[in-house]
Amino acid sequence: MTKRNKIEMTGVYKAFGTKKVLQGVDLNVPVGSSMVIIGGSGTGKSVTLKCVLGLLQADKGSIKVDGMDMIKASTRAREEMMKKFGMLFQGGALFDSLPVWYNVAFGLIHGKDMDKKDARKIATEKLEQVGMGEAIANLYPAELSGGMQKRVALARAIATNPEIIFFDEPTTGLDPIMADVINELIVKCVKDLGATAMTITHDMASARKIADHVAMLHEGKIVWTGPIDDLDNSGSPYVDQFIHGRADGPITDLQSELLKSA
Amino acid sequence: MNTALQIFREKIPFLHDICQAIGHSILNVIQALGAISLFVLQTLRHCATPPIFIKHILRQFIDIGYYSLPVVGMTALFTGMVLALQSYTGFSRFNAESAIASVVALSITRELSPVLAGLMVAGRVGAAIAAEVGTMRVTEQIDALSTLSVNPMKYLVVPRVIAGTIMLPVLVLIGDIIGVYGGYIVSTHVLGFSSGSYLYQTWQVLENIDVVSGLVKAAVFGFFVTLMGCYHGYNSGRGAQGVGMATTNAVVTASILILIFNYILTQVFFS
């Protein structure tokens, strides 16, 4: 039996001035599955994610989350939908004026009107889930290493027990061991919550670890999508070039043509 | 239409380029005015609808009001002192030294205290707000607020604008007192005026409208200083250069708005 789709993107377009970033993205993410979008820099991965989150307004097309069209929805409906989301930002995006525990509890206190004492208790539990002890709860983000900041950001993303979690380049800037630790944590947290996950990355080790399904974004369009097991036999020259990190292939050929014509 | 434009571009390219540059500038200004107007409307709407972050407003009272007190106080003190000295130099030529108390009191309460406090706060607070909010934009902290179901306008902009609008009149009122006292010190200790007559003249010349007009100006200036800091920070470009530019623009636009609205409000109150 096929699973119902949690996220459905159909013909999504987004341009900034004359620069067309998304040119008809079609993508479905089934309930409870982990979709990883891969692609080179500047192909529109972050824009895709921000359009689903509602941080950017798509120009055309439809983005349905749990059947609700995020583009046509009212601001209030979108804000309500936002309560189902959790997001791990590439740089962590921790609030540097607040201590670690308050960062993790922020969505509970301000988004869900929870009492500070109860929110702190949950924040401590979530920090423990990502391998951080009570000792760091009162530190400020600037006092933590990059890897620790990423863990705190992950704890914040899962603090409200979201139904959908978005990961923006979760392993960028981390050493390979810490990157693997973060990947393991992401898999564990998503499984524990039974959440649907949408990740963008160009780190193939991360994609192979996290993904149930993979989609390849190129020039603002999804050029291939399928289960992670099919990734090595995708039959797509774009995917082949990307996952093997080859300098020659259709991606670089097209880039060279564009540079020549510019 | 296209052909006419093409002929214009080919025949007089220099003039075409000038017209194009002017057109671009005008369009940019109109676009900026539209964006600022929308930002003002959004801010006012969020000021009037819950939730209001009371603790944040109180913290901004301290940041904007309390910490600006030394700079505003020093500015008012020395402005009052210089004003008394300069007035004496000028008025002594016409044997009109007795008018010094009136000049100091009226100049300070009506114009100098609100305008100088506004400009000082624009430099201190407007720049700090633009840099802080701009850094939050660049490091995606503003996007993070949205994903945590907190409206960034309510959390970041509203407390600062409310605090600025309320605290600048308080600062100006304190500045009025310190400024007049500065004039009093110079007049009595340096220029040899009698303490009693100086204070009597000050009291006689001042009317409610003089002080109230200054406080109303201060509220308007406080609104614009914090609003411009928030607007430019909120729409900051990427990287350190983007934040630097946002900070500069916040101070420059706030200062210009202070001078423009000072004229408009003076016209409204005293014409």
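Convention: sequence-line order gives letters A, B, ...; per-chain numbering from 1. The model shown is predicted, which means the values in this text are computed figures rather than measured ones.
- For R124(B) and Y67(B), the positive end is not near the middle of the six-membered ring at less than 6.0 Å and at most 45° from its axis.
- Residue L108(A): no heavy atom, backbone or side chain, is found under 4.5 Å from chain B.
- Note: F95(A) and Y155(B) fail the aromatic proximity criterion, with ring centroids not under 6.0 Å apart.
- Within 6.0 Å of atom NZ in K60(A), 12 or fewer heavy atoms from other residues, nucleotides or ligands are found, so the atom counts as exposed in its surroundings.
- Between F261(B) and F221(B), a ring centre-to-centre spacing not shorter than 6.0 Å is recorded.
- Using a 4.5 Å cut-off between heavy atoms, L145(B) contacts chain A through both its backbone and its side chain.
- Comparing L53(A), T160(A), L94(A) by heavy-atom pairs within less than 4.5 Å of chain B, the highest count is held by L94(A).
- Contact annotation for T139(B): only backbone heavy atoms (N, CA, C, O) come within less than 4.5 Å of a heavy atom of chain A.
- The ring of Y66(B) has its center no closer than 6.0 angstrom to the ring center of F61(B).
- Looking at K50(A), the atoms closer than 4.5 Å to chain B (heavy atoms on both sides) all sit in the side chain, from C-beta outward.
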